[in-house]
Amino acid sequence: MYVAVKGGERAIDNAHRLLAEARRGDRSVPEIGTAQIREQLSLAVDRVMTEGSLLDRDLAALAIKQARGDLIEAIFLVRAYRTTLPRFGHSEPLDTAAMQVRRRISATYKDLPGGQVLGPTFDYTHRLLDFALEAEGDGQGEPARPATAPADPDQPMPRVTDIIGGEDLIERNPPQEAGAPVGDLTRDPLNFPAARDLRLQNLARGDEGFLLALAYSTQRGYGRTHPFVGEIRLGEVEVEMVVEELGFAVPLGDITVTECQMVNQFKGSAVDPPRFTRGYGLGFGHCERKAMSMALVDRSLRADAFEEERKGPAQDEEFVLSHSDNVQATGFVEHLKLPHYVDFQAELAFIRQMRAEQAARPETEAAE
Amino acid sequence: MTPPRLEAGFADPVIEGQAAFRATMDAMARPGRIVVLPGVRTAPEGLAPAACAAILALCDFETPLWLSPAMAAHGPYLRFHTGAPLTADVAAAAFALVDAAQDGIDLARFAQGVPAYPDRSATIVAQMPSLRDGAPLVIAGPGIAATQDMRVAGLPADFARQWAANRASFPLGVDLILAAGDEALALPRSARIIEGNG
Amino acid sequence: MTDNPYNFAYLDEQTKRMIRRAILKAVAIPGYQVPFASREMPMPYGWGTGGVQVTAAILGPKDVLKVIDQGADDTTNAVSIRAFFAKTAGVQTTTATAEATIIQTRHRIPEAPLGEDQVLVYQVPIPEPLRFLEPRETETRTMHALSEYGLMHVKLYEDIARFGHIATSYAYPVEVAGRYVMDPSPIPKFDNPKMDDCPALQLFGAGREKRIYAIPPHTRVVSLDFDDHPFERNRFSQPCALCGAGDSYLDEVVTDDRGGRLFVCSDTDYCEGRREAGHRGHQPGGPERKEAAE
């Protein structure tokens with residue numbers, strides 16, 4: 001006797017309980033706290049904040065815990081929360097030249113005002129598993145305090161692109177327009193071609209892995225841009241917002257950002273002297289790989305502006321911007337596991353019909 | 001300076017806004033058919049409750065609103081309750097509120113959309129003297145099973161000609177919501193006038 | 001109204017207004033895809049975020065909501081979406097097609113004829129009927145603007161050359177009100193004729209792709225075809241095993257690993273209604289149903 005399967009709320013409730021159980025893991029191991037995630041898995045927190053478009057370390061840490069460490073799931077949780085928040089307006093442009101720098105490196109000058117500041121970086125670690133970190137909670141794993149003081153905050157640290165720009169050797173950034181509208185793809189659907197503000201917003205929210213692969217492809221010849229890392233800087237900058245009633249900008253606080261400015265292939269013409277071009281990347285917290293990838297892809301997407309032929313995927317605006325969002329991508333890829341009985345049945349019946357017709361056809365056709 | 005005293009808007013914006021929208025959607029889906037558009041009871045003198053409800057339900061800071069001269073006095077009220085920027089540029093308006101009897105209706109002045117985005121066009125809310133005792137018009141098109149009779153009073157004399165031009169540019173064109181008292185009917189751009197001269 | 005921290009039907013009022021404006025334009029331009037600022041919903045893209053946003057924007061406290069997936073009210077995602085609205089809007093829900101004022105659906109149109117006072121809301125994955133022929137939005141938008149649908153006809157004709165048929169069995173493209181070619185969402189082509197001259201308003205929401213479109217009531221909806229290869233509905237060689245219906249779309253259920261299979265109505269409400277009215281198929285089944293393994 002056939003009895004129809006019923007999905008039912010009970011099955012869903014039980015699945016949620018199983019999920020909670022799996023998240024907790026072995027109960028003899030202490031439960032991880034969101035403060036531990038916030039402080040000790042800080043780069044995961046930074047990624048969730050950047051791609052979730054929401055600067056809140058505690059919420060990001062909570063999302064990571066709830067998502068069992070699945071960062072795309074955590075980004076999704078943060079995005080869904082973000083949508084419910086009212087939008088008050090937008091900040092003034094960040095002045096990254098005034099950043100309280102913790103790390104600053106340039107690949108274009110050996111030395112420069114403010115110097116190279118290595119800061120907290122994996123760059124020169126030997127990738128050897130540090131088994132001392134396994135000794136949890138007994139103080140053995142506590143690292144020594146850093147011996148060197150942070151960079152002298154009074155020492156000016158001009159941006160490398162400003163130094164190059166001082167000689168007029170790099171394209172000028174468009175002048176700021178007070179009161180110009182600021183695009184927001186979370187409030188208006190993205191149309192093509194998209195302006196650079198919307199492209200940069202899309203890339204900032206975009207999946208790190210996707211941007212990394214695209215950036216890599218430009219280095220291997222799929223839309224080469226001859227990049228130099230003008231500068232990467234990490235530190236704290238002040239956020240300001242103009243309150244209409246007051247008529248002036250008020251500081252909202254400091255945030256940590258990573259900025260990457262790429263100096264790329266020069267352009268010029270009979271009338272325009274040659275200048276380097278720019279690619280720009282910025283994200284919340286310490287997100288160097290993301291900021292660098294973003295800067296490379298930003299520059300590649302500007303192909304039209306420099307009359308470059310679009311040959312590589314990274315130069316294809318519709319392709320890049322339509323597929324960069326990991327919440328959208330994971331949703332649509334994973335939705336294939338939802339029931340498709342009806343469509344599959346339609347295909348099944350159709351394929352059987354065609355086979356039956358083929359079998360009934362006279363032999364002559366097969367012999368042709 | 002004392003700000004002018006403004007009448008109240010929706011008492012319950014969530015529920016009344018939904019009801020006003022739903023009636024408007026039903027009207028748009030069934031062109032020419034009169035719907036009860038639960039009006040704003042506290043609408044200011046001279047503004048039909050249904051027209052008021054349609055504007056309050058649909059407009060906000062994202063929708064530039066144009067007011068015909070006889071409606072200009074309601075600017076502060078509508079601005080306060082919707083946050084919609086009032087625009088003097090007819091072609092820039094997403095919505096327009098028109099007193100048809102006083103100011104007439106000139107469909108061609110409004111945003112018509114563009115071929116790639118025909119939705120970037122104006123929705124005109126026109127306040128009419130009556131939806132029930134004007135000259136007969138018969139319309140057809142999507143949303144109408146066979147034909148639909150209309151007897152809207154206060155349409156301009158050349159309305160049928162204007163509407164034919166609006167229909168001819170389909171999918172471009174404007175959409176009309178005609179309101180009187182607590183009632184409304186809609187004429188989306190897809191509707192054709194097949195009989196009558198308005 | 002309801003004891004929950006969210007606004008009625010979850011969305012904030014500004015978002016609802018934005019969606020409502022898009023719906024009005026969609027109704028005024030039948031079959032045209034209106035871009036809208038789709039929000040991130042608390043369920044994944046692909047799970048019906050477009051349909052959920054449309055439903056949330058039109059839903060009122062007096063509505064009676066039915067949600068189906070694959071025609072069934074009890075598929076897990078249908079259960080989940082129905083629970084979402086019961087919780088955030090406190091609306092009455094039903095499984096009875098005739099009782100519903102709003103029906104949100106994924107992949108099916110109910111078998112029972114719809115009425116004037118009903119709205120059918122479709123969940124749409126890819127709203128662009130030309131997308132698989134031309135991946136670029138900039139190109140397809142121009143094709144729609146110019147009514148340039150030659151590419152679609154070429155594709156359908158190539159199918160005929162290769163398979164002897166138009167090889168599309170679901171998401172079969174239609175022309176709406178003589179103008180726009182439209183994707184009906186992945187419903188089986190069996191359901192296509194139900195869209196034509198339907199008394200109910202049909203709304204389509206694509207959340208990830210940020211598009212809303214509509215078919216007003218009583219609108220001409222034609223499945224694309226050729227004079228020498230007219231549109232054909234899917235056919236079933238047998239009636240529903242449970243209720244004996246010969247006019248409904250059937251799910252194939254594999255009953256064992258020796259080729260045993262049964263065909264049963266995909267529209268569970270239709271099938272139950274027929275059985276309650278005394279109709280029986282050749283394997284009528286019991287009233288009790290087994291729970292999905294969890």
Side-chain angles (χ1 to χ4, degrees), chain B residues 10 12-31 33 38 54 56-63 82-84 94-95 113-123 140-146 148 170-177 186-191, chain C residues 1 7-9 12-14 16-37 57-63 89 101 116-117 119 137-138 141-147 176-180 197 199-203 212 214-221:
Chain B
F10 286 130
D12 183 341
V14 174
I15 300 305
E16 291 178 65
Q18 186 274 338
F21 161 72
R22 192 68 173 270
T24 308
M25 180 181 85
D26 286 346
M28 199 63 87
R30 294 175 174 83
R33 192 191 287 189
L56 263 51
L58 294 170
C59 293
D60 56 32
F61 67 93
E62 291 184 329
T63 56
T82 64
F95 280 82
V114 294
Y117 296 96
D119 56 305
R120 293 179 184 170
S121 55
T123 304
I144 302 169
Q148 172 71 44
F170 188 88
L172 308 191
V174 296
D175 307 304
L176 277 180
I177 297 167
L187 269 182
R189 69 194 74 181
S190 58
Chain C
M1 166 124 310
N7 194 25
F8 178 82
D12 60 279
E13 290 304 300
Q14 199 279 325
K16 285 184 195 167
R17 274 191 301 273
M18 175 273 294
I19 296 171
R20 287 167 180 171
R21 291 191 294 260
I23 290 172
L24 292 184
K25 288 300 172 198
V27 172
I29 317 168
Y32 165 71
Q33 303 163 50
V34 182
F36 82 111
I58 66 173
L59 189 70
K62 289 182 204 142
D63 276 309
T101 57
E116 289 248 331
D117 297 326
V119 181
E137 171 73 11
T138 38
R141 194 154 276 278
T142 305
M143 292 179 193
H144 285 295
L146 300 174
S147 260
V176 179
R179 176 59 177 80
Y180 284 99
D197 195 28
L201 171 63
Q202 301 172 74
L203 300 175
I212 287 173
I215 304 174
H218 302 295
T219 296
R220 187 97 177 94
V221 179

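Predicted model only: the values in this text are computed from it and were never measured. Each chain gets a letter, A, B and so on, in the order its sequence line appears, and its residues count up from 1.
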Atom group of [X] that falls short of 4.5 Å from chain B, counting heavy atoms:
X	value
C:Arg179	side chain
C:Leu24	both
C:Leu203	side chain
C:Asp63	side chain

Pairs of heavy atoms under 4.5 Å with chain C: top-ranked of [options]:
options	result
B:Ala94, B:Ser121, B:Gly17	B:Ser121
B:Asp175, B:Val114, B:Leu172	B:Asp175
B:Ile177, B:Asp26, B:Asp119	B:Asp119
B:Ala57, B:Gly143, B:Ala146, B:Ser190	B:Gly143
B:Ala116, B:Pro188, B:Ala27, B:Pro115	B:Ala116

Any donor-acceptor pair under 3.5 Å from [X] side chain to [Y] backbone:
X	Y	result
B:Gln18	C:Ala57	no
B:Arg189	C:Ala28	no
B:Glu16	B:Asp12	yes
B:Arg22	C:Ile58	yes

Specify the closest pair of heavy atoms between [X] and [Y], including all atoms of both residues, with the distance to one decimal.
X	Y	answer
B:Ala29	C:Pro216	O-CB, 4.1 Å
C:Phe36	C:Ala22	CB-CB, 4.0 Å
B:Pro31	B:Ala191	CB-CB, 4.3 Å
B:Pro171	B:Pro118	O-CB, 3.3 Å
B:Phe10	B:Ala20	CZ-CB, 4.2 Å

For [X], which atoms come within 4.5 Å of any heavy atom of chain C: side chain, backbone, both, or neither?
X	answer
B:Ile144	backbone
B:Pro13	backbone
B:Tyr117	both
B:Thr63	side chain
B:Ala19	neither

Between C:Tyr32 and C:Tyr180, what is the ring plane arrangement, given parallel below 30°, perpendicular above 60°, and tilted in between?
tilted

Name the member of C:Lys16, C:His144, C:Glu116, C:Lys62 that forms the most heavy-atom pairs with chain B at distances under 4.5 Å.
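Answer, by heavy-atom pair count under 4.5 Å with chain B: C:Glu116.
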
Option that, when pairs with chain B are counted at under 4.5 Å, heavy atom only, ranks first among C:Ala145, C:Ala26, C:Pro217
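The candidate making the most pairs under 4.5 Å is C:Pro217.
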
